[in-house]
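Below you'll find the structure, written out as structure tokens, and then a few comments.
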Amino acid sequence: MADTLFTVVLILAKLALIFGVVLFMAAYLVLAERKILGRMQLRYGPNRVGPFGLMQPLADVIKLLTKEDFLPARADKWLFLVAPGITAVTALLVFAVVPFGPTIEVFGRTIPAAVVDLNVGVLYFLGVSSMAVYGVVLGGWASCSKYSLLGSVRGLSQMVSYELSLGLSLVPVIMMARSFSLHDIVMAQASVPFLLLNPVACFVFLICILAESNRIPFDLPEAENELVGGFHTEYSGMRFGLFFVGEYINLVVLGSLMTVFFLGGWHGPWLPPVVWFLIKVLMVCGLFIWIRACLPRLRYDQLMNLGWKVLLPVSLLNILVTGAVLLGLGL
Amino acid sequence: MTATLIFYLLGAVALVTTALAIIQRNPVYAVIYLVKSIFALALIFYLLGAPLVAALQVIVYAGAIMVLFLFVIMMLEITPVSARKSSAPGWLSWTPVVLVALVLAVMTLLLIGLDPVAEQGIPRWHATPRDFGYALFNEYALAVKIISFQLSFAAVGAFHIGLTERRRARMEKDS
Amino acid sequence: MSRHVFRDIRGTLQPFWVTLRNLFRKPVTVQYPEQKQQLPERYRARLILTRDPDGGERCVACHLCSAACPVDCISMQATEAADGRRYAAWFRINFTRCIFCGLCTEACPTKAIQVTADFELAGRDPLKLVYEKVDLLVDHCGNDNSYNFYHQTGIGVTAPRGENPQETKPMDVKDLMP
């Protein structure tokens, strides 16, 4: 009985910790993105609220909470109200399997440094992240607005185009690590990160998670300058805030998955493992922000062409080559 | 005991949502109920000790096929069926937050109950992805080959149907 | 197509270098309430009514400015002094509507209405931005210190006929001499 209680308390504690850290990171990533984009465009970015604008996230939250919560006429009530929740929840749920450090010994037990170390962690990530598109799609459809509907249709077709390559780009990783568990995948990269062993898979994965995060150059469902706001055109107040926060939580989550799959997770010299993990995640997020400052948005058909005619064959070939090499090395 | 309870609960959810998917007039709602039913099925697979099948169920059916269904439905029907004027959100406005809390709580409970690391909860026969792969590519190798042949025929057929007249003429001229 | 491959690759990678370089440059932003930009002399913003060098009002209430105004923010009531000199009984500019286009100054024949560089017209009460003649009238000549409408063309009103600079004496219509 005491054993079960211990497990329950432990999992709840880990949940609370991760929830807090991820939300904090998401809030400050918004600020970091605005600051960095500003400097890249020779502006200052937000610098009014608090020193260097560090209280800006707080101000944003207060603004979002006190704004009018609006339901458009003829909107599908239930789906409209629920959709932002789906986006935020799926983004948070993925984090349950991400290991952010090696196993620790507490009271004579080994505890994985993740909420739970699933033995099908990779598949869990793929499954939950494929659910994320429902938030976008149902939100846009329920708004009963042309722009929102166009945004959600684009979201759907985008998702169909990249999801397959996303899954296939992870197959070589699983083949090299010989496990679906994220913890084992990180352990397999103790000496050399998979980025160096299989750069092609890493590149395909990077492009796919860019599409997964709905960011420039793949922000077709939002496309401010074509579709007003895309799927969240009709949202306001905290509901818009949930979409927004979900997007940035997703950024953190995808950054940490990139770290786990290709950058060697928490492995690194001199510094403690968790610090290494955070550094790598922030580097990936920084890369995302940098890409946003540089590239224009792709067109609808260009994205589908890229997904189906380039990324898919490349990742299939990559699986073949990786398999042949592994077989040849007798691994 | 707990496992049996969860099993019957999930079974009931699967049955009810499937029935609702059939009787719904709004096609988008029908798709959503079907997704819920698929989720319940996936959890049942997980309970029965086949995490790989559960994951594939969610990824392939809920994640890809239902998305295609939705895509087609959205192309067909532009306005939601509920044409009644909707009122302003009152206490309902916190539904998403409550939803977040509920799903997180349920996930936590499930993970505690079924935590494979804690090695407790429900004892069960366990089909690891490796076992699954061995079974698929040894015992059922022939079936897998036949199905993949069928799929490639289907792909070629779809390609043929999708060809426009001009491209067909050009391809015939080239060959 | 292959001709453009290198150009395209360069075009994709170059922005990364440009943005990285910008990251370490000083931003060009002027931090407004603390630092103020030196505006150009001919900047068009708040309107004023100027006076002629003798200290009289230049405005003759001809309504040309209100006719030229694209947003109809200028209104006035014309009236006449005892000596026949026209002036505005009241003159009103609604700065909540004014778009600072300066068309009124182009239209003004007496250089009475002029623009200034003062653009800071924010306020919480829109009615406080409706400027009356008292608020508009200033004690200087604006951008022309010598021009006096009535000395150029004012006929028989502020100056006797033929007394103005560059004006010939009035012709005696009953005389045969040229």
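The structure presented is a predicted model; accordingly, all values stated were derived computationally and were not measured. What you see below is based on every heavy atom in this structure, not just the backbone, and it leaves out hydrogens, waters and symmetry mates. Proteins come first, then strands; the chains are lettered A, B, ... in the order of their sequence lines, and each starts at number 1.
- More than 12 non-hydrogen atoms from other residues, nucleotides or ligands lie less than 6.0 angstrom from CZ of C/F95.
- If you measure heavy-atom distances from A/I291 to chain C, the contacts under 4.5 Å come from both the backbone and the side chain.
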Between chain C and chain A, which N/O donor-acceptor pairs sit under 3.5 Å?
| unit_1 | atom_1 | unit_2 | atom_2 | d |
| --- | --- | --- | --- | --- |
| C/F16 | O | A/W290 | NE1 | 3.4 |
| C/T19 | OG1 | A/W290 | NE1 | 3.0 |
| C/N22 | ND2 | A/M40 | O | 3.0 |
| C/R25 | O | A/R39 | NH2 | 3.4 |
| C/K26 | NZ | A/Y44 | OH | 3.4 |
| C/V28 | N | A/L42 | O | 3.1 |
| C/Q31 | OE1 | A/N47 | ND2 | 3.3 |
| C/Q31 | OE1 | A/R48 | NH2 | 2.7 |
| C/E34 | OE1 | A/R48 | NH1 | 3.4 |
| C/E34 | OE1 | A/R48 | NH2 | 3.3 |
| C/E34 | OE2 | A/R48 | NH1 | 3.1 |

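- For C/E120, the CD atom sits in a packed shell: over 12 heavy atoms of surrounding residues, nucleotides or ligands are nearer than 6.0 Å.
- More than 12 non-hydrogen atoms from other residues, nucleotides or ligands lie less than 6.0 angstrom from CZ of C/F119.
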